[in-house]
Amino acid sequence: MSDNKNSSDTNNEQTKSLNFIEQFIEEDLSQGKNDNRIHTRFPPEPNGYLHIGHAKAICLDFGIAEKYNGKCNLRFDDTNPSKEEIEYINSIKEDIHWLGFDWEDREYYTSDYFQKLYDFAVDLINKGLAYVDDQSAEIISEQKGTPTEAGVESPYRNRSVEENLELLKRMNNGEFDEGARVLRAKVDMASSNMHMRDPIIYRIMKVPHHRTGNKWNIYPMYDFAHGQSDYFEGITHSLCTLEFEVHRPLYDWFIDQLKDSDYRPRQIEFNRLNLTYTVMSKRKLLQLVEQNYVEGWDDPRMPTLSGLRRRGYTALSIRNFIDKIGYTKYEAMNDITLLEHSVREDLNKKANRVMAVLDPLKVIITNYPEGEEEELETVNNPEDPEAGSRTLPFSREIFIERKDFMEDPPRKFFRMGPGREVRLKSAYIIKCEDYKKDHETGEIIEVYCTYDPETKSGSGVSRKVKGTLHWVSAKHAFNAEVRLYDRLFNDETPDGHKDKDFIEFLNPDSLTILKNCKLEPSLKSAVKGEKFQFTRLGYFCVDNKYSKPGAPVFNRTVALRDTWSKIKKK
RNA sequence: UGUCCGAUGGUGUAAUGGUAACACAGCUGGUUUUGGUCCAGCCGUUCAAGGUUCGAAUCCUUGUCGGACAACCA
């Protein structure tokens, strides 16, 4: 099964209304801006793994380029060598490809532009638009003012061009300690926009960079690098999240000093992805990893792309989900059930149905000849005729799900109980004649049934019975580990409480490991990443970390919709 | 007491001056050898008040509520 197969879902754009970004772009196109060229970029910082919120940006950046016959660059925003690692770069590239996008040969790094940015800084100094400030971070911060009060100008603001040039050179030579001096743009300390109050554009960091080594002792701030990098790359539309809206005037100010034509990237901000029952900030995800609340960035409970992939989510289901939630300027909270719906929708069409009993209860069919066995045919996927069929071994002793038997069942329980008849899926109708119980513990040990040989599946003889159960032949089943995942948090907005830390809302039952599951023999050869529907239970995927050849470990991606559990609650 | 940005069912989006639509969730019921899938049905006078207009979710004004902004992070 391929994750990246495009279905018609992604191709019905002609009937779909444009989002506000596409509208802006089509306006620009109709006005002939940038010679009708469309060029976007996805600019991650390589300081963590990509999560589903990044996927929203990726789908937009690459999607817009695809839709309008343009290009999308991948650019690593690597301006802070103290936080960034090559491991992250590799995972980011893998995740983008997995989602089904490609940047061809346009893999760029902000560090590629360090020299150009430095030259631009020198240029600003020469124009009297930048200065070296000798004050400490604390003092600079105090002088910045507040959103309602203007800041005050630094005493170093009007140094001579020569002195500024000299000091910048010495900063970069490593002659000063980290934090001793910074380079600031000379904009407006009284601006109502805090970002315009003489922002810091270079700081001293005596840290080797993963690409430039020890060449630099000063590194540009993000705000001094990002907009210009877009400009250097000829980006026409810089799409980013809402919080950068207030940065836009500063980016424009820098480009004003830099540009030599009418061209300038147009920044458009959209809402970030928020999901119920999870957290999305990289800082918080990093905390979950570092403090071992999860097993790593790719823990199947994480909203990271590697986590979702390991959980069994398909790339298409994530893309469809993102398509459904849309892009607006309203800070929305998206219901996780829509993501779950998207993966069920995709897997329903693609995943073969198989027999797996997670909590086994033995059933002995007393009138089935001892030692006899037969192969019963079963359809692989009723939603996909192409999927064909296979056979299932059947014999006198089988396992059913413990929950499918009740000693004293209520009226609406359509499963097995004393004297009741149920169908075994793709096999026979059986009737419960008796059962053995451990009176100490109350545990049901075995159930004794008779089968009706006339009711074999496909024989045409079928009485109406209310329930159909999944099962595996005891003799042919093999034991496997199955991991049931639930939501990582039991609160809708774990990081939305002012007085409580999000860690307090961790769901203690987010992972249940079952070691004694009975699986049909065909599953023995399942390969890493392969996806199935365990009949009546949910969608499961072969774990790519713990599985061994011949000994697959299964992750539950998502349970099937469960009407019975709702009836039970009433 | 600042600047910027928002507000349409429980949730997310659409309607771009002309009958408020779609999806998810929830609730009914039907089909079913998965209590799955599928099918049918139910669930909103668009934050408020004024204005413009034959006509306003849409345009204007004022207000209310929410978010962002004061890292040598990105």
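Predicted, not measured: the structure shown is a model, and the values here were computed from it. FYI, side chains are in, hydrogens and waters are out, and symmetry mates aren't considered; it's all heavy atoms of this structure. Proteins come first, then strands; the chains are lettered A, B, ... in the order of their sequence lines, and each starts at number 1.
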Can you give me the N/O atom pairs linking the protein to nucleotides 1-6 of chain B at distances under 3.5 Å, or say none if there are none?
residue	atom	partner	partner atom	Å
B/G2	N3	A/P147	O	3.1

Atom pairs under 3.5 Å: protein N/O with N/O of nucleotides 41-46 of chain B:
none

Taking N or O atoms only and anything under 3.5 Å, show me the protein contacts with nucleotides 29-31 of chain B, one pair per line.
none

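Here the side chain of A/T493 pairs no donor or acceptor atom with the backbone of A/D495 at under 3.5 angstrom. Of the possible polar contacts, one joining the A/R344 side chain to the A/A559 backbone as a donor-acceptor pair under 3.5 Å is found. Between the side chain of A/Y539 and the main chain of A/Y313, no donor-acceptor pair closer than 3.5 Å is present.
Counting distance only, with no hydrogens placed and no angle test, the side-chain atoms of A/S426 and the base atoms of B/U33 include no donor-acceptor pair under 3.5 Å. No N or O donor and acceptor, one from the side chain of A/R561 and one from the base of B/G35, sit under 3.5 Å apart. For B/U34, its base never sits under 3.5 Å from the side chain of A/R536 at any donor and acceptor pair.
Close to B/U11, at under 4.0 Å from its OP1 or OP2, lies no side-chain N or O of A/T276. Contact annotation: A/K464 reaches the phosphate of B/U33 (side-chain N/O to OP1 or OP2, under 4.0 Å). OP1 or OP2 of B/C24 has not a single side-chain nitrogen or oxygen of A/K324 nearer than 4.0 Å. When the side-chain nitrogen and oxygen atoms of A/N274 are compared with OP1 and OP2 of B/U11, none of them lie within a distance under 4.0 Å. Phosphate contact (OP1/OP2 of B/A14, side-chain N/O of A/S17, threshold under 4.0 Å): absent. Residue A/H195 places no side-chain N or O under 4.0 Å from the OP1 or OP2 atom of B/C69.
For the P atoms, the distance from B/G35 to B/C43 is 30 Å, rounded to whole Å. Here the separation of B/C72 from B/A57, taken at their C1' atoms, is 47 Å to the nearest Å. Between the P atoms of B/G67 and B/G26, the separation comes to 28 Å (whole Å). The same atom, C1', is picked in B/A49 and in B/A56; the two are 15 Å apart, to the nearest Å.
Of all nucleotides listed (B/U13, B/A74, B/U34), B/A74 comes nearest to the side chain of A/E84. Comparing B/U13, B/G35, B/A74 by their closest approach to the side chain of A/T563 singles out B/G35. Closest to the A/M221 side chain, of the nucleotides B/A14, B/G35, B/C72, is B/C72. Of the candidate nucleotides B/G12, B/U37, B/U33, B/U37 has the atom nearest to the side chain of A/E383.
Atom-to-atom, CD1 of A/I400 to P of B/U33 comes out at 20 Å; the value is rounded to the nearest Å.
Among the candidates A/D223, A/D134, A/D133, the single residue satisfying the salt bridge (charged side-chain N to carboxylate O under 4.0 Å, His left out) test with A/R184 is A/D133. The only member of A/R423, A/R463, A/K431 that meets salt bridge (charged side-chain N to carboxylate O under 4.0 Å, His left out) when paired with A/D452 is A/R463. Test A/D112, A/D61, A/D230 against A/R75 for salt bridge (charged side-chain N to carboxylate O under 4.0 Å, His left out) and you get one pass: A/D230.
Of the N and O atoms on the side chains of A/N73 and A/E233, at least one donor lies less than 3.5 Å from an acceptor on the other residue.
Under a cut-off of 6.0 angstrom, the local environment of NZ in A/K206 is crowded, with over 12 non-hydrogen atoms contributed by other residues, nucleotides or ligands.
A/R353 and A/E520 are not joined by a salt bridge, as no carboxylate oxygen comes within less than 4.0 angstrom of a charged side-chain nitrogen.
Taking the six-membered ring where the residue is Trp, A/F244 and A/H226 present parallel rings, their angle staying beneath 30° rather than reaching 60°. Classified by interplanar angle (parallel below 30°, tilted 30° to 60°, perpendicular above 60°), the ring pair A/F270/A/Y327 is perpendicular.
A/R181 forms a cation-pi arrangement with A/F176, by the criterion of a distance under 6.0 Å to the ring centre and an angle within 45° of the ring axis.
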